[in-house]
Amino acid sequence: MISERLRVASQFLKGYHYLADCGTDHALLPIYAIEKGFVQKAIASDNKHHPLLSAKNNIAEHRLYGKIKTVLADGLSYLNLENDVDVVTILGMGGPTIVEILSQAYLYNIKRMVLQPNSQSKEVRIFLESNKWKIVDEVFLKENDKYYQIIVCEHGNMALSEKEREFGPIILNEKSELFKERIQLMIGQLTKAIQETNNLDTRKKLKLRLEYLEEAIK
Ligand SMILES: C[S@@+](CC[C@H](N)C(=O)[O-])C[C@H]1O[C@@H](n2cnc3c(N)ncnc32)[C@H](O)[C@@H]1O
């Protein structure tokens, strides 16, 4: 069974042709995307042997070896040789790792990227903004008590505010109940921290952050 996070991310691949799933681990996403007919073929890549072995086994179990190629590679270093790849997914990695991978990749032929940073998503959005990628969709979801952000982008320009960089332009605009729940949790933690500190400087900084968070869900 594919997770809700991967299922939602895969919906954004519909109509594309050749997927590169970087950090594929068990290759669950490319297998699902091919079986559903969202893409026609895929590369499942990882920089470690063990995950790639799981990917190979799963692909064989699903009899998809003709359609999904496995590649042992750091990041997307193979994209200059695979110039018909038109869509990329990088899911379940920290924001700085995603940025590092993207900044070293040959992305000119890529029409769409679906990214799911586990942390520091602001860094990913800053990279996209300054490298002429435009966010065209976003999803904020919760699975197994964890909150996730899925960012979908295509070539184009965008100018984001500070809050949009941190929370996501579409997520911030939608202000879903789930997003409000997440921010309320952060507000609760901050309120507790403010009560517990005796340091005036720290208290001032935390209060500013609290006001910032409150504004984000207004
Ligand atoms: C937490 S798993 C996520 C698996 C899957 N993408 C998902 O979201 O369920 C992260 C995977 O990324 C791989 N990985 C980490 N850094 C990488 C890099 N620089 N290049 C390629 N793969 C990487 C890891 O080996 C691991 O299999």
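All residue numbers in this chain count up from 1 along the given sequence. Counting starts at 1 for both ligands and their atoms, in listed order. FYI, side chains are in, hydrogens and waters are out, and symmetry mates aren't considered; it's all heavy atoms of this structure.
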Novice: Using side-chain heavy atoms (C-beta onward) and a distance below 4.5 Å, is Glu214 in contact with Ile187?
Specialist: yes
Novice: Against heavy atoms of Gly75, which atoms of ligand 1 measure under 4.0 Å?
Specialist: 18 (C), 19 (N), 20 (N), 21 (C)
Novice: Less than 4.0 Å between a side-chain N and a carboxylate O, is that true for Glu4 and Lys142?
Specialist: no
Novice: Distance to 0.1 Å, residue and atom name: give those for the protein heavy atom nearest to atom 15 (C) of ligand 1.
Specialist: Lys48 NZ, 3.6 Å
Novice: Heavy atoms only: which of Leu76, Asp46, Asn118 lies closest to atom 25 (O) of ligand 1?
Specialist: Asp46
Novice: Distance under 4.0 Å to a non-hydrogen atom of Pro51: what atoms of ligand 1 satisfy this?
Specialist: 25 (O), 27 (O)
Novice: Are Lys163 and Tyr212 in a cation-pi setup, meaning NZ or CZ lies under 6.0 angstrom from the ring centre and within 45 degrees of the ring axis?
Specialist: yes
Novice: Using 4.0 Å as the upper bound for N to carboxylate O, is an ion pair formed by Lys134 and Glu129?
Specialist: no
Novice: Would you mind listing which atoms of ligand 1 come within a distance below 4.0 Å of any non-hydrogen atom of Ala73?
Specialist: 20 (N), 21 (C)
Novice: If you count the atoms of ligand 1 from 1 in the order shown, which ones are under 4.0 Å from a heavy atom of Asp74?
Specialist: 18 (C), 19 (N), 20 (N)
Novice: Where the side chain of Glu138 meets the backbone of Ile151, is there a donor-acceptor pair that is under 3.5 Å apart?
Specialist: no
Novice: From the options Gly92, Ala9, Gly23, select the one whose nearest heavy atom is closest to atom 4 (C) of ligand 1.
Specialist: Gly23
Novice: Heavy-atom pairs closer than 4.0 Å: do any link ligand 1 to the side chain of Ser45, the backbone, both, or neither?
Specialist: neither
Novice: Compute the shortest N/O to N/O distance between Asn47 and ligand 1 and return yes if it is under 3.5 Å, no if not.
Specialist: yes
Novice: For ligand 1, is there an N or O atom under 3.5 Å from any N or O atom of Thr24?
Specialist: no
Novice: Check whether the side chains of Arg7 and Ser3 place a donor and an acceptor atom closer than 3.5 Å, and report yes or no.
Specialist: no
Novice: Under a 4.0 Å heavy-atom limit, does Glu100 contact ligand 1 with its side chain, its backbone, both, or neither?
Specialist: neither
Novice: Please check: side-chain N/O of Thr202 versus main-chain N/O of Asn198, any donor-acceptor pairing under 3.5 Å?
Specialist: no
Novice: Under 3.5 Å, side chain of Asp25 to main-chain N/O of Pro51, donor-acceptor pair present?
Specialist: no
Novice: Can Lys132 and His155 be said to form a side chain to side chain contact (heavy atoms under 4.5 Å, CB included), step by step?
Specialist: CA-CA 6 Å; Lys132 296 192 189 308; His155 292 285; over 6 Å; no
Novice: Hey, which atoms in ligand 1 end up nearer than 4.0 Å to a heavy atom of Leu91?
Specialist: 3 (C), 5 (C), 6 (N), 7 (C), 8 (O)
Novice: Does Arg5 have a heavy atom less than 4.0 Å from any atom of ligand 1?
Specialist: yes
